[in-house]
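Presented below is the structure to which this report refers.
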Amino acid sequence: MHELATHERDIVPQLVDQVRRFMAREVDGAAIDRRGVIPESVRSGAASLGLFGMSIPEEHGGAGLSLRAVCDVISEMARADRSVAIMVGLHAGLGTRGPVELGTKAVRDAYLPRLASGEWIASFAATEAGAGSDLASLRTRGEVVGDTLRLTGEKAYVTNGGFASSFTVLARTPGFGGARGHSLVFVPRETPGVEIGAEEDKLGIRGSSTVTVSFDGATVPLDHVLGTPGRGMEHAYHLLTWGRTLMSAGCVGTGRAALDAALAHVTTRRQFGKPIGDFAATRLHIARMAARLYAMESVVRGVADVHASGGSLEAVSAIAKVFASEGAFKLVDRALQLQGALGFLEGPGVARLLRDCRITRIFEGANDVLLLRVGLARLAAHDVPRGHILGVVPAPLRSAASEVDGLAERLGEVVADVRARHGVTAVRHQLVLQRLAVAEISLYAATNSVLGASSEEQFALASHATDLLIEEATTSLDALSRADADERRALAMSEVLYAPYRDGRDAPGLSP
Ligand SMILES: Cc1cc2nc3c(=O)[nH]c(=O)nc-3n(C[C@H](O)[C@H](O)[C@H](O)COP(=O)(O)OP(=O)(O)OC[C@H]3O[C@@H](n4cnc5c(N)ncnc54)[C@H](O)[C@@H]3O)c2cc1C
């Protein structure tokens with residue numbers, strides 16, 4: 001489990017090593033953050049290393065690496081700088097998977113070689129000012145005119161948009177391949193009618209380009225439609241599985257940077273006559289950070305395994321995205337706490353890491369919304385939650401495996417109970433779905449952590465990670481049994497809050 005494919009075993013560690021040296025030599029994360037731009041030299045350096053072609057098939061000039069290998073590279077990049085990792089990760093995932101997997105021969109032949117070399121950088125444009133989590137409400141329209149598609153509308157928050165040469169655009173295309181259908185379209189930047197807005201001023205990943213892109217009658221040949229007309233929404237969600245997995249890999253890199261920083265600090269910073277790392281409470285924090293990071297990495301590798309075996313990434317990539325982004329934020333926050341006042345400073349501390357990773361809990365699907373999807377998927381699934389791993393693990397992992405099996409059994413019982421109590425109306429019970437999802441995610445992470453461990457050190461990490469995850473799952477399942485009452489209380493409370501607010505008064509609280 002979690003192994004690189006045989007043909008990649010030699011090349012991927014070498015590539016990761018090259019990337020590590022490239023990032024250390026060429027990338028000044030603080031300067032990128034300060035200036036809000038990635039220097040051209042970094043882009044061209046990444047291109048000469050072949051990073052823009054990693055996931056593009058060899059016949060189109062790329063390296064055709066597996067998802068697992070691309071994750072390893074993105075993780076290493078993110079460890080050094082998240083803006084640069086996002087530029088490459090977005091290109092390798094959401095930006096180019098459309099033409100690679102769904103493009104016509106004309107599109108693949110014409111554009112993939114340029115995208116593989118890094119001459120062209122790719123982007124993905126689905127979100128609009130009025131359509132975020134509710135993507136189906138988007139308004140950008142594609143109209144068939146002869147043998148062309150004419151696009152009108154405006155996309156928001158387009159990563160890489162400021163310097164991208166291509167956009168994978170999701171548009172409403174009524175009547176084209178389905179009465180209420182959407183289609184995914186490959187649009188070169190040079191197309192007349194494509195206008196790029198100003199760069200957004202952001203909290204973090206400030207070097208990453210984020211712009212509005214408008215399409216004012218931008219017209220492309222019909223063969224630039226990606227996949228089946230009318231099935232664009234489904235195709236976009238398919239591309240998001242790659243996007244979310246690579247983003248999760250980036251979160252592993254951020255988490256590793258946080259652990260690096262925490263270790264460097266607690267081993268050298270002395271208080272009360274000794275290094276703060278000598279205090280038991282500090283040691284426990286470091287152990288929990290290492291265990292969580294190990295679990296995050298195991299989850300990402302688990303998703304890559306599913307891909308390598310031809311399985312669907314839809315559910316597991318959402319699980320990875322939530323787990324890795326929440327985990328990275330927890331790790332960075334803990335590193336900052338351990339660094340004390342120093343952590344709060346922009347130069348020596350992890351302040352930039354904290355700002356950079358905050359967005360990962362929002363983009364490519366806000367975590368609150370993804371939790372609902374993961375919960376629903378568990379309720380709708382025919383299989384029972386995975387367990388039964390006790391019989392397949394080595395002796396040092398038996399206790400952890402038995403805990404995992406116990407959690408799987410309890411989750412199975414809770415799912416049966418929720419189905420019996422709510423039936424199809426469960427979809428309306430958000431707290432039930434989200435709490436179920438937390439347990440499902442913890443189970444997936446614990447299972448992958450245990451099954452992927454293959455050394456003494458990893459046995460220890462996996463056991464510790466399991467303790468942590470079982471604790472989180474148990475808290476969530478306990479809370480699930482109170483979900484109906486919590487929901488009633490929250491709704492009653494919101495009546496008290498909203499009514500005065502809507503009437504223009506302050507929300508209730510203690511009077512001055
Ligand atoms: C830096 C950056 C880069 C981005 N890059 C891209 C890109 O390249 N391409 C692209 O297409 N988009 C991109 N996005 C957009 C991003 O994917 C969206 O921001 C994201 O999908 C969430 O949409 P929203 O911000 O409109 O949030 P909203 O949908 O408005 O949601 C806000 C909050 O409301 C709550 N909420 C919403 N719906 C529900 C619900 N059903 N139940 C309960 N709670 C709910 C959640 O708490 C959620 O966090 C980017 C955004 C940023 C900031």
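Whatever order the structure lists them in is the order used to number ligands and atoms, beginning at 1.
Salt bridge absent: Arg244 and Glu364 never bring a charged side-chain N and a carboxylate O closer than 4.0 Å. With respect to Arg34 and Asp28, no salt bridge is recorded, no charged nitrogen being found less than 4.0 Å from a carboxylate O. Ionic pairing of Arg489 and Asp486 is present here: one or more N-O contacts between side-chain nitrogen and carboxylate oxygen are shorter than 4.0 angstrom. Salt-bridge check for Asp356 with Lys202: failed, with every basic side-chain N at 4.0 Å or more from each acidic carboxylate O. In summary, Arg256 and Glu297 engage in a salt bridge, as defined by a charged side-chain N under 4.0 Å from a carboxylate O. Note on Asp72 versus Arg301: salt bridge recorded, some NZ/NE/NH1/NH2 to OD/OE distance being below 4.0 Å. With salt bridges taken as basic N to acidic carboxylate O contacts below 4.0 Å, one links Arg292 and Glu472. Salt-bridge formation is detected for the pair Asp484/Arg421: a Lys NZ or Arg NE/NH1/NH2 atom is positioned less than 4.0 Å from an Asp or Glu carboxylate oxygen.
Residue-to-ligand polar distances place Phe124 within reach of ligand 1: an N/O pair is separated by less than 3.5 Å. Not one N or O of Thr210 is nearer than 3.5 Å to an N or O of ligand 1, by distance alone. Checking only distances, Ala156 never comes within under 3.5 Å of ligand 1, N or O to N or O.
Applying the side chain to side chain donor-acceptor pair (under 3.5 Å) criterion to Arg355, with sequence neighbours excluded, gives Asp33, Glu346. Partners of Arg378 under the salt bridge (Lys or Arg N to Asp or Glu O under 4.0 Å) rule, at least two apart in sequence or in another chain, are Asp383, Glu440.
Residue, atom and distance of the protein heavy atom nearest to atom 29 (O) of ligand 1 are Ser133 OG, 2.6 Å. Regarding atom 51 (C) of ligand 1, its nearest protein heavy-atom neighbour is Tyr157 CB, 3.6 Å. At the top of the distance list for atom 26 (O) of ligand 1, counting protein heavy atoms only, stands Gly132 CA, 3.2 Å. Protein heavy atom closest to atom 8 (O) of ligand 1, with residue, atom name and distance, is Thr159 N, 3.0 Å. For atom 16 (C) of ligand 1, the closest heavy atom belonging to the protein is Phe363 CB, 3.7 Å. Looking from atom 21 (O) of ligand 1 to the surrounding protein, the closest heavy atom is Gly365 N, 3.9 Å. The nearest protein atom to atom 19 (O) of ligand 1, hydrogens excluded, is given as Ile362 CG2, 4.1 Å; this is a heavy-atom distance.
If you check each of Asp134, Asn367, Ile359 against atom 52 (C) of ligand 1, the one with the closest non-hydrogen atom is Ile359. In this comparison of Leu135, Asp368, Val369, the heavy atom closest to atom 36 (N) of ligand 1 sits on Val369.
Phe186 and Trp120 have parallel rings, their planes meeting at less than 30° on a 0 to 90° scale where 60° marks the start of perpendicular.
There is no protein heavy atom less than 4.0 angstrom from atom 32 (C) of ligand 1. For atom 49 (O) of ligand 1, a protein heavy-atom neighbour is present inside the 4.0 Å cut-off. In this structure, atom 42 (N) of ligand 1 has protein heavy atoms in its sub-4.0 angstrom surroundings.
Ring centroid separation for the pair His224 and Tyr111 comes in under the 6.0 Å cut-off.
Here Gln430 has side-chain heavy atoms under 4.0 Å from ligand 1, and that is the only part of it that gets that close. With a 4.0 Å cut-off on non-hydrogen atoms, Asn160 does not touch ligand 1 at all. The proximity of Leu94 to ligand 1, defined as any non-hydrogen pair under 4.0 Å, does not occur for either the backbone or the side chain. Within the 4.0 Å heavy-atom criterion, the part of Lys202 lying near ligand 1 is the side chain and not the backbone. Residue contacts with ligand 1 for Thr127 involve both N, CA, C or O and side-chain atoms from C-beta outward (heavy atoms, distance under 4.0 Å).
Near Glu364, the atoms of ligand 1 lying under 4.0 angstrom from a non-hydrogen atom of the residue are 17 (O). The distance from ligand 1 to the heavy atoms of Ala366 drops below 4.0 Å at these ligand atoms: 48 (C), 49 (O). The ligand atoms of ligand 1 that sit less than 4.0 angstrom from a heavy atom of Leu372 are 42 (N).
Side-chain atoms of Glu154 and Thr140, non-hydrogen and from C-beta on, never get closer than 4.5 Å to each other.
Both tests do not hold together for Arg189 against Phe167: distance to the six-membered ring centre under 6.0 Å, angle to the ring axis within 45°.
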